[in-house]
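Here is the structure we will look at, set down as structure tokens.
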2 protein chains.
Amino acid sequence: MAVSCRNCPLRRRDMFRNMSAAEVKFMQGFKRGELSVDAGSTILMEGSNSPQLFTALEGIGLRYKNLPDGGRQVVNFVLPGDFVGLQAGLMGEMQHSVEATTKMTLCVFSREELWTMYRSHPSRAYDLTWLAALEEHFLGETLSVVGRLTGLERVAWGLLKYYRRMEALGLASEGRTRLPFKQQDLADALGLSLVHTNKTLKKLREQQVAHWDGDSLRISDPLALAQIAGIADYRVPDRPLI
Amino acid sequence: MAVSCRNCPLRRRDMFRNMSAAEVKFMQGFKRGELSVDAGSTILMEGSNSPQLFTALEGIGLRYKNLPDGGRQVVNFVLPGDFVGLQAGLMGEMQHSVEATTKMTLCVFSREELWTMYRSHPSRAYDLTWLAALEEHFLGETLSVVGRLTGLERVAWGLLKYYRRMEALGLASEGRTRLPFKQQDLADALGLSLVHTNKTLKKLREQQVAHWDGDSLRISDPLALAQIAGIADYRVPDRPLI
DNA sequence: CGGAATGTTGAGCTGCTTCAATCGTCGTGG
DNA sequence: CCACGACGATTGAAGCAGCTCAACATTCCG
């Protein structure tokens, strides 16, 4: 059963900027329905021209690009509140794929209506651009990490950032959260080999800083993790929700 | 002497999408003036909250992030037609710095008017979001290159992409273009050390594929370069101009 | 029970880094 | 006119972080 935008549980979180009643009402009309997919499903495919845009409501996924040589680069993790499909919506073609790692539920918007939004609800259009700029920021940050940090620093950064994002969503507590990825996924996100990622995770375990076992991540000492990553801590920025 | 948007030389290039007369007129009002800076000037500073947005008209620059450890990651090169300052315009703070490598001229827009644009000219707002999505695409691509390719592949990709972009702007011909950066800049863009970048450039020189000497880049064999980079070739996408 | 998927560990190799020295060019001041 | 310093490019040498290869452990499922 689809939730109405009025009752959207994400909206109330601190990290998402407030929406006016008029905006909520418009979003309700903009929303086409909900999509539920099983773990492992591909939601958007690189090169495809999908007629639909999504906001993740529940569950966790991945954005990734396939490389000519068979490799894969994970571009970002997809968490509740993330908007996906913008590239297809505007440029007509996705430049990366989006896959559900766990079972996911997504809000579905129709691409034709996107233009309506720009004409009739400029504040929502503004917010969408904001999200795109935020995504650009995330990617620039990831690029700096992958381009310049050591393996240990990258893993520490990756785990901390993920944990802080989950925490901001209310999906983590007392240093514990769910991390449903494979080690290969993290390796592909950080530009490391699987083996090296595995050994680096072991180091963090031995240092009593972060324990990742199966689906479950436990951050014993976020500040130590931040220090290893070479930063003060990771702060999740407030942002709009589409 | 500032050129009017009507006579903007960039607009006529194939790679930029057409603008309606009404749009051109609006842009003329949106435009506050032009900024000319010398080589080496910082146009936008990471962390700053600049009241101005820019479109590069002439000259070449860099976007980069400074790292806590003193390092630097070049996020992208800034070429004519590129829009900079979006993050400050929307999120209130730049997440990277922008620096002029050569003398540059930029169109200046006022940040307050940005919201006006969203209210009164949705087609321009739409185009701005498009540009943000395009930038996201570029960054994702760069991330894949830096995260997964070897040094030789990265350098080949970097030179080819730069060349194709210059070519699309009409700033390259017969395999020659201007490349006013230092080797350190390219190294920082590709996540390589200066020394290794230097040695890799030598390899490409010896293989008679690409010759970079001082300000001048000569691509003898674009297809060989593409092959080394592991791609078919690099195609510059059409895009809007703000 | 057997096979597939994921995680773990060891061993050896190499691409890339860091350190360090040299060279060429250019602008500047004596 | 030349000496000097600054800057960038170039090259050699040595070391290591991270890669690949390969074997084995564990869990889960048909």
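Every chain is numbered from 1, with letters handed out A, B, ... down the list of sequences. The model shown is predicted, which means the values in this text are computed figures rather than measured ones.
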- Is it true that a side-chain atom of Arg178(B) and a backbone atom of Ala172(B) form a donor plus acceptor pair closer than 3.5 Å? no
- Message: Under 4.0 Å, counting only non-hydrogen atoms across every strand here, what does Leu194(A) touch: a base, just sugar-phosphate, or nothing?
- Response: nothing
- Query: With distance as the sole test, does Thr102(A) use its side chain to make a donor-acceptor pair with the main-chain N or O of Ile60(A) at under 3.5 Å?
  - Reply: yes
- So, with a heavy-atom separation below 4.0 Å from DNA chain D, the residues of residues 177-185 of chain B are Lys182(B), Gln183(B)
- Got a salt bridge between Asp38(B) and Lys103(B), using NZ or NE/NH1/NH2 to carboxylate O under 4.0 Å? no
- Judged by atom type as modelled, is there a donor-acceptor pair below 3.5 Å linking the side chain of Gln87(A) to the main-chain atoms of Gly92(A)? no
- Message: Keeping Thr42(B) on the side-chain end and Leu44(B) on the backbone end, is there a donor-acceptor pair under 3.5 Å?
- Response: no
- Flag side-chain contact, heavy atom, 4.5 Å: Leu62(A) against Val98(A): no
- Is it the case that more than 12 heavy atoms not belonging to Glu206(A) sit under 6.0 Å from its CD atom? yes
- Query: Aromatic rings Phe77(A) and Phe181(A): how do their planes relate, parallel, tilted or perpendicular, breaks at 30° and 60°?
  - Reply: parallel
- Contact residues, residues 196-207 of chain B to DNA chain C [heavy atom, < 4.0 Å]: His196(B)
- Without hydrogens or angle criteria, can the side chains of Gln73(B) and Tyr64(B) be said to hold a donor-acceptor pair below 3.5 Å? no
- Item | Span of DNA chain C in contact with chain B (heavy atoms, under 4.0 Å) | dC16(C) to dC19(C)
- Item | Those residues that, when tested against Leu67(A), pass side-chain contact (heavy atoms from CB on, under 4.5 Å) (two or more places apart) | Asp69(A), Ser144(B), Arg148(B)
- Message: Please evaluate residues Glu93(A) and Asn49(A) with respect to the criterion side-chain hydrogen bond (donor to acceptor under 3.5 Å, both in side chains), reporting the C-alpha separation (whole Å), side-chain torsions for both, the decisive distance (0.1 Å), and the verdict.
- Response: CA-CA 5 Å; Glu93(A) 186 172 314; Asn49(A) 182 351; over 6 Å; no
- Item | Check against side-chain hydrogen bond (donor to acceptor under 3.5 Å, both in side chains), Glu167(A) and Tyr234(A) | CA-CA 11 Å; Glu167(A) 187 181 45; Tyr234(A) 193 85; over 6 Å; no
- Item | Check: Trp212(A) side chain, Gly214(A) main-chain N or O, donor-acceptor pair, under 3.5 Å | yes
- Message: Using a 3.5 Å distance criterion without hydrogens, assess whether the side chain of Arg63(B) forms a donor-acceptor pair with backbone atoms of Asn76(B).
- Response: no
- Where along nucleotides 22-30 of chain D does protein come under 4.0 Å, by heavy atom, of base (B) or sugar-phosphate alone (S), with - for untouched nucleotides? ---------
- Test: Arg205(A) and Asp213(A) ion pair at under 4.0 Å: no
- Note on the structure: Ordered by number, residues from residues 140-158 of chain A within less than 4.0 Å of DNA chain D (heavy atoms) are Thr150(A), Gly151(A)
- Task: Assign Gly191(A) to base, sugar-phosphate, or nothing according to its heavy-atom contacts below 4.0 angstrom with the strands shown.
- Result: sugar-phosphate
